[in-house]
Amino acid sequence: MSIDNTGEARRQLGICNACRYCEGFCSVFPSLQQLRQFSNADITQLANLCHNCRACHYSCQYAAPHEFKVNIPVALADVRVDSWKRLARPRVVASAFQRHGVLIAALLVITLMLFISLLGGQSPETGSGFYQYLSHTTMVLIFTPAFLLPLVLIADAVRRYWREVGGEAISTSHLRGAFNQAASLKNLSGGQGQGCNFEKQDHYSNARRYWHQATVAGFLLCFASTSTATLLHYLWNLPAPYPWYSLPKLLGVPGGILLTLGCSALAVLKLKADRTLGATGVWGAEMAFVLLLGLTGLTGLVLYAITGTSWVSTALALHLACVFSLFLLLPYSKMVHGFFRLTALIRHEQTRTTDDG
Amino acid sequence: MTNTDWQVIVVGGGNAGLCAAIEAAEQGKRVLLLESAPKEYRGGNSRHTRNFRCMHNAPLAKLTDSYLEDEYLQDLLAVTKGKTDPELARMTIQRSEDCLPWMEAHGVRFQPSLTGTLSLSRTNAFFLGGGKALVNAYYQTLEKLGVTVQYNATVQHLHLSESSHRVESIDVEIAGVTTRLNGKCFVLASGGFQSDLDWLARAWGPAAKNFLVRGTAYNRGVVLKNMIEQGATTVGDPTQCHAVAIDGRAPQFDGGIVTRLDCVPFSVVLNKHGERFYDEGEDVWPKRYAIWGRLVAAQPDQVAYSIIDNQAMTLFMPSVYPPVSANSLEELAEKLGLPVEKTISTIEHYNQACQDGQFHSTTLDGLSTRGVHPAKSNWARPLSKPPFHGYMLKPGVTFTYLGLKVDGSAKVQNAHGNFANVWAAGEIMAGSILGQGYLAGFGMTIGTVFGRIAGREAAKHVN
Ligand SMILES: Cc1cc2nc3c(=O)[nH]c(=O)nc-3n(C[C@H](O)[C@H](O)[C@H](O)COP(=O)(O)OP(=O)(O)OC[C@H]3O[C@@H](n4cnc5c(N)ncnc54)[C@H](O)[C@@H]3O)c2cc1C
Ligand code: SF4
Ligand code: SF4
């Protein structure tokens, strides 16, 4: 744990607790105001609750050049990224990928080469559809561990988080509350639906909120598409390729479009926003991750569009490399914020005394 | 800054000036707003506010129940002890009601009364994000309306016509260069003079040099002084300021709300000689906090020390600086730089004077001392549970009372009636209505009501 970042957040949260003007923006303030002293665990929880909407910064009477130098979005973002690095295993890997976009790009290139050579080594006559290029067995052999291992690692990190913040038995109402907040992105709404202050400084805007929702919806649709395809394959013995009216396609195509557009928009917003108001030193890695996620959606769409042409092998390699890298990076990239955020929201449901939902 | 023929020049970019500029621009006038502070510090004291007091006949936005004209006026009369202009006061109160929807229409958002301020939920409408969010919203509105805003622009002098009847131009200093600007109408909204400590010391006495200023460093009364020198009629006691006791470690300027200390009623307050000097538990804190600035100002070196034991630690709103703490009173006195022996004997005397009884932090519990002077009338519990904590108190000035006298159309008065083309709004004229004391949220009400009037009247005059 970085004492500096936690200590700095503690100093600033103390000022907010004496001020309270930002109470109506998000869940962080009502939550911090229940406390008089902030333990390290409290600060970790508040940091993961913060959505970096920046409303409290642009409204802050104590922002620099004031000598109190309050900047809650940065203070909490730094603690948040620290917590992801600290709670992940192995820490060195998390630390490297959370900070360096280049490494994300490198991983993509390496996996791409791997898939190109794999695809080249297969004899195309032995299957149909994509399995002409890479046998289903090989695909399962590669992707099952690449999918399961990161999930196990994330579960482990989240469990550690839960223990640290003193999480209690979870009820359905906790889950309902947390999922509602996550789905509506209540904490990017500015408290009243006017939106956040991400890309337009002190003007409110819902762009980030809505594009983030599109991205999540796209991701979930793509995930559902892959899952239904797996079920069709095993339960009904219906292997790919699937026609356009099949479930995998009906879910996957809109999913891919949403994911691609969503990530592109988020990347553009990120370019417009003030870079100094996010976590220190991770802008590049965050950007690389958004692009990787968007590329995953895009390559999936391309793959469908070029069915039957000679480009399939290349496009397939690229798409598989994206999916593979994305999964491997789940515990070690910005993607992990979703898991921690949801956990923090559940914990918030357990402790909140006011109706800030 | 080019010398365009400005139709309305607004001096000061706090709440009052912003409201005036918006109204004038909405009448289609060419408006220039001059703000002394750099952009980051724009908005004067208004950026430190949290609410405004609003009359309403039925629940309105986040305001509960109703708050009628007469009750509002009674509340005002109770604090001003008659030092008010009843007609202006009544008009301000009446107009506060339609300020709220006007503010919303110009981008201000409201939130329910903040945690710990439930007592204000009926009377005061709280700004979401506080005064700086309000100020931001108004500057955005100005941008949309095409108003020219110049930061770092301090108005130094107003040039009167030969008849001394109207202002023809002003001298404004921008980054060290003084420019003369012509205008048809002028709205003065540049606040009080509390940030000019020399002036404060001349008015109050040398002790004022030790005062802290709770708000902006830019309200130095330059325009106020200039207008008074040129014959403007004044209101309000020129020697007085509103001061509360704040944490002595607060910055000289702009400490704002977080430096307040609400621990006094649960504490023993000593001066630097280790003596008590006033009944700490005279009344509930919201009714007493405003007298403590004055009380501390009257003590040697304008400092005092509020001392509590650990059981009082959670009874008041947290403040920005942690207390000085120690496991014994001796150690605490030493750490605070108080004379140890005297401090101990004062506290022992006080402790012995405490009586058995029911302690109740939120009501007047009548738990008082017997046989000690001054007495403590409520919440008198012995300091006995270590660790002990101490806070240094200093007077923190909120605003000054001296102002320009205006009439109901916000026009600035002089011996012959008024200046033909000069209006004033906000703190610079608040003494007309608030001659003494303070009513929470009334500063922003005066600024909004008179800012809007001034802007509209000025626009009318241009035609
Ligand atoms: C800490 C604190 C908290 C407060 N809380 C509340 C509250 O919750 N509710 C409430 O109603 N009131 C509150 N008040 C009082 C309130 O701030 C004032 O009544 C109100 O802000 C006055 O508005 P104004 O526009 O007249 O002055 P200001 O907002 O102070 O604006 C004056 C502006 O004029 C500029 N200026 C000064 N001199 C010149 C010059 N020569 N040339 C150009 N520009 C100049 C300054 O830079 C400043 O921006 C509070 C005050 C303080 C200090
Ligand atoms: S961010 Fe600034 S204005 Fe908001 S509660 Fe904290 S200190 Fe107050
Ligand atoms: S969610 Fe927004 S308002 Fe809340 S703490 Fe984070 S940046 Fe500030």
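Keep in mind it's a predicted model, so treat the numbers as computed, not measured.
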Notebook entry, point to check: Centre of A:Phe68's six-membered ring, under 6.0 Å away, within 45 degrees of the axis: is that where NZ or CZ of B:Arg249 sits?
Noted result: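 Judged by the rule (NZ or CZ under 6.0 Å from the ring centre, within 45° of its axis), B:Arg249 is not positioned above A:Phe68.
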pair [X]-[Y]: side-chain heavy atoms closer than 4.5 Å:
X: B:Lys132; Y: A:Tyr21; answer: no
X: B:Pro318; Y: A:Arg20; answer: yes
X: A:Pro65; Y: B:Tyr41; answer: yes

Item checked: Region of B:Thr216 that comes under 4.5 Å of a non-hydrogen atom in chain A ->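 Neither part.
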Looking at chain A, which one of [options] has the largest number of heavy-atom pairs inside 4.5 Å, strictly under?
options: B:His48, B:Arg47, B:Arg50, B:Gln140; result: B:Gln140
options: B:Val320, B:Thr314, B:Ile257; result: B:Ile257
options: B:Leu134, B:Asp262, B:Thr259, B:Asp254; result: B:Asp254

Item checked: Rounded distance (nearest 0.5 Å) linking atom CD of A:Gln33 with atom OG1 of B:Thr115 ->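 The OG1 atom of B:Thr115 is 4.5 Å from CD of A:Gln33, to the nearest 0.5 Å.
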Note to self: Could you measure the distance from the CD atom of A:Gln61 to the OG atom of B:Ser46? Nearest 0.5 Å is fine.
What the structure shows: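 Here the rounded value is 11.5 Å.
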Next item on the list: Compare every heavy atom of A:Glu67 with every heavy atom of B:Pro251, then report the nearest pair and how far apart it is.
Entry: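 So the two residues come closest at CB-OE1, 3.2 Å.
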Check: Any ion pair linking A:Asp202 and B:Lys39 (charged N to carboxylate O, less than 4.0 Å)?
Finding: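 Looking at B:Lys39 and A:Asp202, the cut-off is not met.
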